[in-house]
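Fair warning: this is a prediction, and the values are worked out from it, not measured in the lab.
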Amino acid sequence: MLGSGFIARFYADSLQAQRAKDKLISVYSRNIEKAQKFADDYKLGFFSDSMDEVVSRADVDVVVISLPNNLHEAAVACCAKFKKHVLCTKPLGRNAAEAKRMLDMVEKAGILGGYLEDLCYTPKNLKAIKAVKDGNIGKVLWAKSREAHPGPHSDWFWDHEQSGGGAMVDLGCHCVEIARNYIGKEIRPVEVMCWAATQVHPIKAEDSGIGLVKYANGAIGQFEVSWCFRGGMDLRDEVMGTEGTIWLNNFLRTGFEMFSTGKGGYVAEKAESSSGWLFPVGDEVHELGYTNMFTDMFNAIESDSQPMETFYDGYIVNAILDACYVSAKSRKWEPVQLDVWRGDQTDDYGSNFNSYDDDHYLIKTEILPNGEHKLILKHKVTGEVTAKNI
């Protein structure tokens, strides 16, 4: 484990939860006292403030990066040097250029680069993604993801130089990748329109943002992110398809409510209070996707295959967010610049129009209160719109 802070402890809890055959054996931290505390808490046999010393150990098969964003590239370089599989927390880089260099490193070294995008692995998201792939809601037209909370826990998040941005790079990376999973990772992101602002906090970066990502097949991905939301952590997704709709609430209101006078302790991540009506989470590590994520990563290593989320995915996300930052300043649609694209090359996906017969498109069908079925049709040649009761 590279890092000993908040996210490292979430990772450690999940690593020691689901697959008993995996063992966390060592930890690196820039602060040797924190490294020792982490090692003591998780009963690890080795700790150090030397990254090379931890990564190069013969008993290390996989390295997990849970460091601030500005340290990811150096950590990946260390893993590539010693040819150790590497799993990196989100976002992969502070920008696409960093992410691309990290992608090149792992591919040149012949090691697996896993992108630890936990919110794509929540139980609800995995089931919803399968439903989309099975065709339950038809072609996805619009995928919206929202993450909002009172702000991150560590000081470096609030430092633009260390983090690479604000709420968009911190939370938007989740939302962009969730939408990609629903729309289809093979579909190229084409352009973005974004609003961002610093509404509350005295920082250089944005603490709120809203963005639209247009894909080559006409689908739209939408994200809403904020460090200004009061009341906990709000994680919601909506997906609209030609044949159906999916709504997900992953965290804040999941059917578990508790009242307390405040004599207890920790409730849930980003909870702002321990008194009053509270919204605990039954199995926080699992509900946030960590256990499913690491299971997928280790299974991929053992089978010499690729996990659901890779460094390439992290690079695509960074490229989309780069375009969002440009759009937030220009207030215009801005293109997504991709030096590497491995998906679908087509620009013509056809229309979504349904034919009723040789002469008409079907606009809509519904059942009226009297039991009749009503059709709204459009003539393919004249464009005339008519109603037909059957």
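Taking the side chain as every heavy atom from C-beta outward, Phe256 and Val281 never approach each other to under 4.5 Å. Counting only heavy atoms from C-beta outward, the side chains of Gln162 and Phe157 never approach each other to under 4.5 Å. Using a 4.5 Å heavy-atom cutoff, the side chains of Val86 and Val106 are in contact. Residues Val385 and Ile376 are in side-chain contact: their nearest non-hydrogen atoms beyond the backbone lie under 4.5 Å apart. Contact annotation: the side chain of Met1 approaches that of Ser66 to within less than 4.5 Å [non-hydrogen atoms, C-beta and beyond]. Between Val64 and Leu116 there is a side-chain heavy-atom pair separated by less than 4.5 Å. Counting only heavy atoms from C-beta outward, the side chains of Lys100 and Val340 approach each other to under 4.5 Å. The closest side-chain heavy-atom distance from Leu92 to Phe311 is below 4.5 Å.
Taking hydrophobic clusters as Ile, Leu, Val, Met, Phe, Trp and Tyr residues chained together by side-chain heavy-atom distances below 4.5 Å, Leu375 does not share a cluster with Ile367. Val336 is not connected to Met193 by any chain of hydrophobic side-chain contacts under 4.5 Å among Ile, Leu, Val, Met, Phe, Trp and Tyr, and they are in different clusters. With hydrophobic clusters built from ILVMFWY side chains whose heavy atoms lie under 4.5 angstrom apart, Trp247 does not share a cluster with Tyr182. Both Trp341 and Ile187 are members of a single hydrophobic cluster when ILVMFWY side chains are connected at heavy-atom separations under 4.5 Å. Note on Tyr121 and Leu248: same hydrophobic cluster, where clusters join Ile, Leu, Val, Met, Phe, Trp and Tyr whose side-chain heavy atoms are under 4.5 Å apart, directly or indirectly.
Taking the six-membered ring for Trp and the full ring otherwise, the centers of His201 and Trp227 sit at least 6.0 Å from each other. The aromatic ring centres of Phe6 and His153 sit less than 6.0 Å apart. Taking the centre of each ring, Tyr290 and Phe294 stay at or above the 6.0 Å mark.
Judged by distance alone, the side chains of Glu284 and Tyr266 do bring a donor and an acceptor atom under 3.5 Å apart. Using modelled atom types, one finds a donor on one side chain and an acceptor on the other under 3.5 Å when comparing Ser303 with Ser305. A donor and an acceptor atom, one from each side chain of Asn69 and Ser163, are nowhere located under 3.5 Å apart.
In this structure, Thr365 OG1 and His373 NE2 are separated by 7.0 Å, a value rounded to the nearest 0.5 Å. Rounded to the nearest 0.5 Å, atoms CZ (Phe47) and OG (Ser29) are 11.0 Å apart. Rounding to the nearest 0.5 angstrom, the gap separating the CZ atom in Arg30 from the CG atom in Leu71 is 5.0 Å.
Applying the salt bridge (charged side-chain N to carboxylate O under 4.0 Å, His left out) rule to Glu309 yields the partners Lys185; only residues at least two apart in sequence or on another chain are considered. The salt bridge (charged side-chain N to carboxylate O under 4.0 Å, His left out) check on Arg94 picks up Glu98, with sequence neighbours excluded. In this structure, the salt bridge (charged side-chain N to carboxylate O under 4.0 Å, His left out) partners of Glu73, at least two apart in sequence or on a different chain, are Arg101. Qualifying side-chain contact (heavy atoms from CB on, under 4.5 Å) partners for Ile220, counting only residues two or more places apart in sequence or in other chains: Trp142, Leu212, Lys214. Residues forming a salt bridge (charged side-chain N to carboxylate O under 4.0 Å, His left out) with Arg230 (at least two apart in sequence, or on another chain): Glu272. By the side-chain contact (heavy atoms from CB on, under 4.5 Å) test, Thr198 is found to be paired with Ile203, Asp207, residues two or more places apart in sequence or in another chain being considered. Residues that satisfy the side-chain hydrogen bond (donor to acceptor under 3.5 Å, both in side chains) test with Ser208, not counting sequence neighbours, are Gln199, Ser226.
The two atoms that bring Ala128 and Ile246 nearest to each other are O-CD1, 3.9 Å, heavy atoms only. For the residue pair Cys175 and Val225, the shortest heavy atom distance occurs at SG-CG1, 3.9 Å.
Here salt bridge (charged side-chain N to carboxylate O under 4.0 Å, His left out) pairs that include residues 118-131, with residues two or more places apart or in two chains, are Lys130-Asp134. Applying the salt bridge (charged side-chain N to carboxylate O under 4.0 Å, His left out) definition to pairs two or more places apart or across chains, those involving residues 364-375 are Lys364-Glu366. For residues 78-90, the set of pairs meeting the salt bridge (charged side-chain N to carboxylate O under 4.0 Å, His left out) definition, not counting sequence neighbours, comprises Asp52-Lys81, Lys90-Asp170. Residue pairs meeting the salt bridge (charged side-chain N to carboxylate O under 4.0 Å, His left out) criterion with at least one member in residues 255-266, sequence neighbours excluded, are Arg253-Glu257.
Ser14 contributes no side-chain N or O that, together with a main-chain N or O of Thr291, makes up a donor-acceptor pair within less than 3.5 Å.
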Could you list the donor-acceptor pairs under 3.5 angstrom formed between side-chain atoms of residues 32-46 and any protein atom two or more places apart in sequence or on another chain?
residue, atom, partner, partner atom, Å
Lys37, NZ, Asp41, OD1, 3.2
Lys37, NZ, Asp41, OD2, 2.7
Asp41, OD2, Arg9, NH1, 3.0
Asp41, OD2, Arg9, NH2, 2.9
Tyr42, OH, Arg9, O, 3.3
Tyr42, OH, Asp13, OD1, 2.9

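Asp313 pairs in a side chain to side chain contact (heavy atoms under 4.5 Å, CB included) with only one of the listed residues (Met308, Arg180, Gln306), which is Arg180.
For the pair Lys380 and Tyr361, the cation-pi criterion (under 6.0 Å, within 45° of the ring axis) is fulfilled.
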Side chain to side chain contact (heavy atoms under 4.5 Å, CB included) between Leu252 and Met233, intermediate numbers included: CA-CA 6 Å; Leu252 187 62; Met233 183 159 67; 5.9 Å; no
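A salt bridge does not link Arg188 with Asp344: none of the charged nitrogens is closer than 4.0 Å to a carboxylate oxygen.
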